Chemist: 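Okay, handing you the structure first.
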2 protein chains.
Amino acid sequence: MKLYFNRWKVLLMQFSKSTGYALHAIIHLARAERGHHVGIKELAALLGVSESYLSKIMSKLRQDGIVRAMTGASGGYELAKSAKLITFFDVIQVVEGRQTMYECFNMDSLQHQLFFESEAQASDPSEHHEGQNCECLVKKVMDGAEQQMVHYLQQHTIQGVLDSAASKKCTK
Amino acid sequence: MKLYFNRWKVLLMQFSKSTGYALHAIIHLARAERGHHVGIKELAALLGVSESYLSKIMSKLRQDGIVRAMTGASGGYELAKSAKLITFFDVIQVVEGRQTMYECFNMDSLQHQLFFESEAQASDPSEHHEGQNCECLVKKVMDGAEQQMVHYLQQHTIQGVLDSAASKKCTK
DNA sequence: ATCTTTATGGACCTATAATATCCATAATAG
DNA sequence: CTATTATGGATATTATAGGTCCATAAAGAT
Ligand code: SF4
Ligand code: SF4
């Protein structure tokens with residue numbers, strides 16, 4: 001029972017499950033008391049994911065300075081800095097990477113060259129991407145869209161979510 | 001030569017190449033004269049992609065009312081509406097789908113329930129997602145971020161890019 | 001010192017989405 | 001009727017997401 005192109009199971013352009021795991025793990029750490037280490041066992045059980053897999057994600061978070069880890073008995077993870085200083089973007093970036101969301105698929109394509117034909121006679125086409133003053137508008141719009149999202153994610157911290165949750169209390 | 005987890009080739013959260021193809025194809029159609037049909041051969045050659053593959057994408061664009069198609073000799077594609085009325089979002093949505101970018105990975109997880117523990121004693125947990133007034137803040141931030149991007153993409157039309165390209169002329 | 005607990009990182013595996021090709025069929029102009 | 005062009009089904013290929021297993025290292029407890 002495979003799904004074919006016309007019935008395309010379009011799932012693209014989604015955050016990975018790993019991002020969800022990372023966010024929820026961080027939030028749990030933020031709720032723990034200062035100085036207390038939370039083990040991978042506890043985290044994995046909480047999120048309903050295997051310890052092996054989650055440990056890979058936690059390890060990346062450690063390498064990026066979001067959390068601290070300690071081995072040995074009564075070891076585990078804790079936040080490396082205040083939850084006020086950890087934005088959604090920080091966490092997401094660790095898992096999803098740092099490339100731009102839209103990459104030009106073919107700079108050698110005929111159309112790409114046509115896009116710069118206006119005054120491409122004088123200089124060589126590849127040079128046009130260096131200077132900031134002469135950028136392709138397609139790419140510009142796509143990058144602009146990404147920036148909108150990034151900016152929003154940079155403005156929302158883990159602490160912010162905790163605070164709102166505490167104060168709001170789901171007013172029904 | 002495989003890449004392993006620690007060297008994760010993080011490419012996630014990117015627009016697909018298909019989106020690039022779709023956008024560039026639409027732009028080419030917008031530049032063509034009114035009433036003229038552009039064949040898949042021309043488009044595929046222009047973008048440097050196979051005719052078979054591009055035709056799938058064009059077919060989806062047709063189903064969504066972005067372009068019109070005509071079979072037979074001197075057939076091909078043309079825009080179904082003015083380029084002023086086609087936003088980046090319209091095109092992207094066809095290829096990338098319509099789901100939200102962040103999907104909750106596990107509503108049965110212990111943490112999800114903890115998040116709603118505040119007043120979850122009275123009613124059942126699954127009901128909390130129905131009402132708009134009591135939404136999870138993690139999900140809310142993620143959806144908010146998506147909305148920022150979507151809104152931006154909805155404000156930029158294909159015609160807008162063509163106009164800017166014509167007027168600006170890469171002022172060096 | 002030795003044992004136990006816990007994180008780390010390498011190698012491997014599997015499922016699925018993204019990308020691509022081939023071909024039979026339908027529709028249209030001339 | 002014929003040449004041309006889009007359509008859609010079936011299939012193949014490749015890359016990535018998602019997940020497992022195990023040997024090793026580090027740190028606390030005995
Ligand atoms: S988006 Fe612009 S710069 Fe990128 S390939 Fe297309 S025409 Fe070239
Ligand atoms: S993001 Fe919120 S609603 Fe979604 S699974 Fe996590 S706690 Fe539940």
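First the proteins, then the strands, lettered A, B, ... as listed; each starts at 1. No experiment lies behind these values; they were computed from the predicted model shown.
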Chemist: Send over the distance from B:Ile57 CD1 to C:dA18 C1', rounded to a whole Å.
Modeler: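 Checked: the CD1 to C1' distance equals 11 Å.
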Chemist: Return yes if a side-chain donor-acceptor contact under 3.5 Å exists between B:Gln147 and B:Asp143, otherwise no.
Modeler: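 Result is no, nothing qualifies.
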Chemist: Heavy atoms from C-beta onward define the side chain here; which of C:dA18, D:dG8, D:dG19 lies closest to that of A:Tyr53?
Modeler: D:dG19
Chemist: In whole angstrom, what separates A:Met13's CE from C:dA18's C1'?
Modeler: 15 Å
Chemist: With a 4.5 Å cut-off on side-chain heavy atoms, are A:Phe15 and B:Glu103 touching?
Modeler: no
Chemist: To the nearest angstrom, how far is B:Leu61 atom CG from D:dA6 atom P?
Modeler: 14 Å
Chemist: So what does A:Ser50 hit on the nucleic acid, given a heavy-atom distance under 4.0 Å: a base, only sugar-phosphate, or nothing?
Modeler: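 Sugar-phosphate: the residue A:Ser50, judged by heavy atoms under 4.0 Å, touches backbone atoms but no base.
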Chemist: Report the distance from atom CD of B:Glu103 to atom C1' of C:dT16, rounded to the nearest whole Å.
Modeler: 16 Å
Chemist: Could you tell me how far apart B:Gln14 (CD) and D:dA17 (C1') are, to the nearest whole angstrom?
Modeler: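 After rounding, the gap between these two atoms is 14 Å.
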Chemist: Could you tell me if B:Ser16 and B:Tyr21 have a donor-acceptor pair between their side chains, going purely by distance under 3.5 Å?
Modeler: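 Side chains of B:Tyr21 and B:Ser16: no pair found under 3.5 Å.
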Chemist: For residues 72-86 of chain A, which side-chain N or O atoms pair as donor and acceptor with protein atoms under 3.5 Å away, sequence neighbours left out?
Modeler:
unit_1: A:Glu78; atom_1: OE2; unit_2: A:Arg68; atom_2: NE; d: 3.2
unit_1: A:Ser82; atom_1: OG; unit_2: A:Lys84; atom_2: N; d: 3.0

Chemist: Using a heavy-atom cut-off of under 4.0 Å over every strand shown, decide if A:Tyr21 touches base, sugar-phosphate, or nothing.
Modeler: sugar-phosphate
Chemist: Please write out the pairs of protein N or O atoms and N or O atoms of nucleotides 3-7 of chain C separated by less than 3.5 Å, giving the distance to one decimal.
Modeler:
unit_1: C:dT5; atom_1: O2; unit_2: A:Ala73; atom_2: N; d: 3.4
unit_1: C:dT6; atom_1: O4'; unit_2: A:Gly72; atom_2: O; d: 3.1
unit_1: C:dA7; atom_1: OP1; unit_2: A:Ile40; atom_2: N; d: 2.9

Chemist: Write down the distance between CG (A:Leu54) and P (D:dA17), rounded to a whole number of angstrom.
Modeler: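 Whole-Å distance recorded here is 17 Å.
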Chemist: Quick one about A:Ser18 and A:Tyr53 (side-chain donor to acceptor, distance below 3.5 Å, no hydrogens or angles considered), yes or no?
Modeler: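 Yes, side-chain donor-acceptor contact under 3.5 Å.
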Chemist: Which part of the nucleic acid does A:Ser59 contact within heavy-atom distance under 4.0 Å: base, sugar-phosphate only, or nothing?
Modeler: sugar-phosphate
